[in-house]
Amino acid sequence: MNDSASSWYVLHSRPRQETRAVEHLTRQGYHIYYPTIQVRKKRRGKVVEVTEALFPRYLFIELGTQDNWTSVRSTRGVADFVRFGGVPARVPEALIDEIRLRLGDKQTSERLSNLPKAGDRVRLRAGQFADIEGILAETDGEKRCIVLIELLGRTHKIESSFDELEKPD
């Protein structure tokens, strides 16, 4: 379900059926993110740790252009997509990564720590400037970035996809 044109969207679940929706969507092969947190609650005079939804009745789904959106809406536990102006609400992948980082997801933090940051030396992997090294100047958070390269004795700004960058050896 993770094609190159995939994006994250927000689903609204039926009351107290978030886990049912996650279970059924996962069985169908969809990539779901349902952030939860540990909360201390007092139950019957005792303090216990309980897992609760970070965003009650909301979960995130990664969908591509080839995925069957109708089957998502008719899945048990799902009420509908969150929509603005009739269009399903798209969520930037950077926001999903930030939520995962704040909740302590080790895989996400390892993956993001290996990505180049502003000021790092990078090599372009594709396009007309393939194999040229430069300095990552800035990112816009939406998979685009600016790389400064030295060419013909001058510094040039090159706009590139973040996916086309790698750290040189």
Side-chain angles (χ1 to χ4, degrees), residues 1-13 18 21-22 25-26 28-39 51-69 72 78 81-169:
M1 299 286 161
N2 294 343
D3 63 34
S4 61
S6 67
S7 296
W8 287 94
Y9 295 90
V10 184
L11 288 176
H12 193 232
S13 73
E18 298 98 332
V22 169
L25 289 166
T26 303
Q28 293 175 54
Y30 292 106
H31 189 205
I32 305 298
Y33 181 52
Y34 176 57
T36 58
I37 56 173
Q38 294 292 323
V39 179
T51 302
E52 288 188 350
L54 183 61
F55 307 110
R57 293 194 63 195
Y58 295 95
L59 47 128
F60 303 97
I61 184 167
E62 189 174 23
L63 293 172
T65 54
Q66 303 300 315
D67 290 328
N68 184 351
W69 291 48
V72 172
V78 173
F81 284 92
V82 172
R83 298 172 188 270
F84 296 107
V87 178
R90 187 177 293 189
V91 178
E93 187 170 2
L95 178 63
I96 301 295
D97 288 340
E98 184 66 27
I99 294 169
R100 285 182 165 151
L101 280 175
R102 290 187 183 259
L103 294 179
D105 184 335
K106 290 180 181 160
Q107 288 179 335
T108 301
S109 63
E110 286 174 12
R111 181 175 56 83
L112 292 178
S113 69
N114 291 330
L115 294 177
K117 297 168 188 55
D120 286 354
R121 191 156 213 37
V122 294
R123 179 182 304 123
L124 294 160
R125 292 189 307 199
Q128 61 191 18
F129 298 105
D131 296 325
I132 293 179
E133 290 187 16
I135 303 294
L136 179 60
E138 60 185 87
T139 61
D140 71 1
E142 289 292 325
K143 300 182 182 180
R144 303 297 300 166
C145 58
I146 303 291
V147 178
L148 301 175
I149 63 169
E150 193 71 31
L151 191 63
L152 300 173
R154 294 182 57 196
T155 302
H156 298 274
K157 289 183 179 181
I158 304 298
E159 188 174 314
S160 174
S161 168
F162 203 76
D163 297 334
E164 295 175 353
L165 302 180
E166 66 184 5
K167 288 185 179 180
D169 298 332

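A quick note: this is a predicted structure, and the numbers were derived from the prediction, not measured.
- The closest side-chain heavy-atom distance from Tyr34 to Leu11 is not below 4.5 Å.
- Applying the side-chain contact (heavy atoms from CB on, under 4.5 Å) rule to Val87 yields no partners; only residues at least two apart in sequence or on another chain are considered.
- At least one side-chain heavy atom of Leu59 sits under 4.5 Å from a side-chain heavy atom of Leu25.
- Tyr33 and Phe60 have parallel rings, their planes meeting at less than 30° on a 0 to 90° scale where 60° marks the start of perpendicular.
- The minimum heavy-atom distance between Ala21 and Val78, with the atom names listed, is CB-CG2, 3.8 Å.
- Gln38 and Thr51 share a donor-acceptor pair across their side chains, judged by distance under 3.5 Å alone.
- In this structure, Arg121 CZ and Leu148 CG are separated by 10.5 Å, a value rounded to the nearest 0.5 Å.
- Between Glu62 and Asp67, the shortest heavy-atom distance links the atoms O-OD2, 4.2 Å.
- Scanning for ring-ring contact (aromatic ring centres under 6.0 Å, His included) contacts around Phe55 gives an empty result, with sequence neighbours left out.
- Partners of Arg90 by side-chain hydrogen bond (donor to acceptor under 3.5 Å, both in side chains), not counting sequence neighbours, listed by chain and number: Tyr9.
- By the ring-ring contact (aromatic ring centres under 6.0 Å, His included) test, Phe81 is found to be paired with Trp69, residues two or more places apart in sequence or in another chain being considered.
- Applying the side-chain contact (heavy atoms from CB on, under 4.5 Å) test to Ile132 and every residue at least two apart in sequence or in another chain returns Phe129, Ile149.
- Sequence neighbours left out, the pairs with a member in residues 146-156 that pass side chain to side chain donor-acceptor pair (under 3.5 Å) are Glu150-Thr155.
- Here the shortest heavy-atom pairing between Thr26 and Val22 reads OG1-O, 2.6 Å.
- Formation of a donor-acceptor pair under 3.5 Å by the Glu18 side chain with backbone atoms of Arg57 is found in this model.
- In this view, Arg83 and Asp80 satisfy the salt bridge (charged side-chain N to carboxylate O under 4.0 Å, His left out) rule, not counting sequence neighbours.
- To the nearest 0.5 Å, atoms CG (Leu101) and CD (Glu98) are separated by 6.0 Å.
- For Ile146, the side-chain contact (heavy atoms from CB on, under 4.5 Å) criterion is met by Ala137, Glu138, Lys157, Glu159, not counting sequence neighbours.
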